Undergrad: 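Take this structure first; my questions come after.
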Amino acid sequence: MARRVSELLSYLGIVSLCICLLVSLAQIKIFYLKSNVNYINYFNLSLIQFVSCLLSFLILIYIFITSDFNFSLVYQNSHTEKPMIYKLSGSWGNHEGSLLMWILILTIFNFMFALMSKVNIRLTETTVGVQSFLILGFLLFLLFTSNPFSLLSESPNEGLGLNPILQDPFLAIHPPILYLGYVGFSLIFSLAIAGLLLNNIDKNWASIAKKWTLSAWVLLTAGIGLGSYWAYNELGWGGYWFWDPVENASLMPWLAGTALIHCVSILEKRNTLQSWTVLLSILTFALSLIGTFLVRSGILNSVHAFASDPSRGLFILAFLLIVLIASLFIFARKGPFLDKEIKYHLLSRETGILVNNWLFLTVLFIVFLGTVYPIFTDIVLNENITVGPKYYIFSITPIIFLFIFAMIITPFLNWSTNNYKILIQKIYKPTLLSVMLIFSISLYFDKLSITEISLLILSSILIMANLNSNILFKNNSFYLTSNIGRALTHAGFALLIISIIANASYAKEKITQAKVDDKIIVGNYDFIFSSISQEKEKNYHKIIANFEMQQHSGTLKKLSPEIRFYNNPPTITSETSIARMLFRDIYIVMNVPENQEFINVRIHIKPFMNFIWVSILMMMIGGLFSISYRIKNS
Amino acid sequence: MIRKTLFYSPLLIIILLGILFYYSLNSETKSNSPLIGKQIPEFSIERLLNDNDQFSSKDLISSETINFINVWASWCIPCRAEHNVLELLSKIDNVDLYGINHKDTKKNATNFINTLGNPFREIGFDSDGRTSIEWGVFGVPETFIVHRGKIIYKHIGPIHISELEDTIIPIIKDLN
């Protein structure tokens, strides 16, 4: 009986994917025929596309929740003893499931776009057509190489489990959010290709594009932030960003996307830079695809290596190349005729944003080189090299100066005129205040270098300038303008830079061995190793070391790092214990006890950690404000 | 004209990148270490459990059996998980398992062996990790199969029991 149900579900899953495939073909046909189909047609089709894909995704979730081991995918990635949330996240924590989720998100964006863009019908149906082409490609990939609904000939009693490192609540939501960001940029890509095909890249195009770019940007920012938060909590290295190639793979579309947001603004206000905007739209999605390829193909050695599978890499590469070569070919043919030239003034806002665009591209190039160059040397010179954090830090820091400088000035310049009077009015107070503030702080804390002090000053000017100018309040009431989004995002970026500097300069670390009743001193804190105990949980057992954190002989907090021994598959992980305080995190991680007496402990004091997360949150909220402002006024 | 040609440059870049990615995809599946098929690197390090003598590449070259060299450390959690598999491996006929103890302290490493058992014929003590670098080790654990002084195979990460059965044992059969 149970077998019958599984067979039925398997058919149902595949059939609904086939429906989605047929509908995508129909969507492509609509835009290809240039027929005068009315709005209802492609809107309804995109609804069916979305619903059929959702149905098969729900089936996937259902078979994971019920631990139906008739399915080979469930057998390989799940286990009955796993807690419910990880059964759920297990459904997209593997290649087949994540691909299906990717397609689902493509159809969601397609549907949302069809729903919300009723103004320019020709542009909308062409965009939906291009997007359906992407959906079609991924569906073919899924159905022919990685069917999530394939059945095993015999049903095993128990599954093989899920990598315990992946059993973390943040990791359950990090990939979906990251995908939402990546795939969000697919819509901008489709929109850009549609605009190219129709020779329709103008102010109106820009105001449609801006909303969607911002949405994708907020989601990608959230995805990267969550990934970083997970790495900080789970990997036990005490760091939040490792310049790991896979992290870079998500940072690169973010950089290109951020440049795109600014560039679309120029197009919207000044009706210029058409071809550059289109190229950036293509580039952003290209980097999302390349990122997916690099992670999935296993070309890169990294903490994310669990996601790899070389045989599937070839298909992703082929698909990536078809999409990008076709789109860049269209760009090469149509691009040169798009641009409308305008006169640039040195001290106008568009010049400032243009400078910012070049800075973004420079950082992007640095990150790209650091990520891809090792692959190049491996192939051409047969030499393995690793690019460490120092490369990134030393090459990016000087650019950050220019960045913040441009960010302070540009918002106070006018479009299309040379006018710097407002600028001086707005920034002289923040400048004076910041210089005094940071100098007095740096007298008190002696460890700061000149570079750090000047970066801190610039960041603080940026925050104050954004808060000071009557952007946030007008006539003593909360005044919602498009500027509040920008002010929050920019101030968030400045806070991020400040936090990173403080975190790097004042972090303390101690690695040592400890016996029960030992006292370890790090900075101003004493850590008493009070006891060690063992506990059994549902799908693992753990050893817990209990520490008391004291300051001036008073106990502040109890910290208990763990070692977990998972049964299925047999794996051992270290769980960090973190005491979060306003200005610093205390972070303890331990290693498997060598014998009954000793354990290895590592204690980190990480200042300003909370501010890093808050600043990322500020940037996202800023983005949300901008989106809501645009939706309200359109 | 120049401006129009310039618009083709992104296309060119992506094609070049495509070629690079294609080759890297293929090379990855061919071999995972440039040392495979080559003579083992020369080394000579002190023994972990015996102070008198050195453990050196000569021991491996002169050996007629199939040699496994496992790079491990007491601080490495996956090594601990792998230990049972190593015990099984060391009991296979015509196989000698050697260990290189990587960036460790003598005390911890000896403790590790005393607690979990010693499947190794010899253990080299590589406290500064220099010998491991010669072997091209990225991280611990890594295992090399060496026959008559030549590197046949390299395994990155802990050897799982299924990998022992599916990959390692067929290689041993081939060599025999």
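This one's a predicted model, so the numbers in the text were calculated from it and none came from an experiment. Side-chain atoms are counted along with the backbone in the values below, which use heavy atoms only and exclude waters and symmetry mates. Reminder, nothing fancy here: chain letters follow the sequence lines and each chain counts from 1.
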Undergrad: So does B:Lys150 have more than 12 non-hydrogen atoms from other groups sitting under 6.0 Å from NZ?
TA: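 No - once you tally the heavy atoms of other residues, nucleotides and ligands closer than 6.0 Å, there are 12 at most.
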
Undergrad: Who among B:Ile15, B:Ile14, B:Leu116, B:Leu11 has the most heavy-atom pairs with chain A under 4.5 Å?
TA: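 Maximum pair count with chain A is reached by B:Leu11.
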
Undergrad: Looking at B:Asp93, I'd like to know if its CG atom is crowded, meaning that more than 12 non-hydrogen atoms belonging to other residues, nucleotides or ligands lie closer than 6.0 Å.
TA: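 Counting neighbours around CG of B:Asp93, 12 or fewer heavy atoms of other residues, nucleotides or ligands fall under 6.0 Å, so no.
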
Undergrad: Using every non-hydrogen atom in the two residues, find where B:Phe7 and A:Ala332 come nearest and quote the distance to one decimal.
TA: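 It is O-CB, 3.4 Å.
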
Undergrad: Surrounding CD of B:Glu42 (heavy atoms of other residues, nucleotides or ligands, distance under 6.0 Å), is the total greater than 12?
TA: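 It does not: B:Glu42 CD has 12 such atoms or fewer within range.
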
Undergrad: For side chain to side chain contact (heavy atoms under 4.5 Å, CB included), just list the numbers for A:Leu328 and B:Tyr8, CA-CA rounded to whole Å, side-chain angles, deciding distance to a tenth of an Å, and then say yes or no.
TA: CA-CA 8 Å; A:Leu328 288 173; B:Tyr8 279 92; over 6 Å; no

Undergrad: Evaluate whether atom CZ of B:Arg121 has more than 12 neighbouring non-hydrogen atoms of other residues, nucleotides or ligands under 6.0 angstrom away.
TA: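 No, CZ of B:Arg121 has 12 or fewer neighbouring heavy atoms, counting only those of other groups under 6.0 Å.
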
Undergrad: Side chain, backbone, both or neither: which part of A:Leu320 has an atom under 4.5 Å from a heavy atom of chain B?
TA: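 For A:Leu320, there is no contact with chain B at all, as no heavy atom is under 4.5 Å.
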
Undergrad: Does any heavy atom of chain B fall under 4.5 Å from the side chain of A:Leu279, the backbone, both, or neither of them?
TA: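 Only the side chain of A:Leu279 comes within 4.5 Å of chain B.
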
Undergrad: Does any part of the side chain of A:Gln513, heavy atoms only, come nearer than 4.5 Å to the side chain of B:Lys107, both counted from C-beta?
TA: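 When only atoms from C-beta onward are counted, A:Gln513 and B:Lys107 do touch, with a gap below 4.5 Å.
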
Undergrad: Would a 4.5 Å heavy-atom cut-off, applied to side chains only, mark B:Leu17 and A:Phe368 as touching?
TA: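 Result yes, sub-4.5 Å side-chain heavy-atom pair found.
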
Undergrad: Which heavy-atom pair separates B:Leu20 from A:Phe376 by the least distance, and what is that distance?
TA: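 It is CD1-CA, 3.8 Å.
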
Undergrad: Assess whether atom NZ of B:Lys58 is packed by more than 12 heavy atoms of other residues, nucleotides or ligands within 6.0 Å.
TA: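 No.
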
Undergrad: Quick one: what part of A:Leu321 sits under 4.5 Å from any heavy atom of chain B, side chain, backbone, both or neither?
TA: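 Only the side chain of A:Leu321 comes within 4.5 Å of chain B.
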
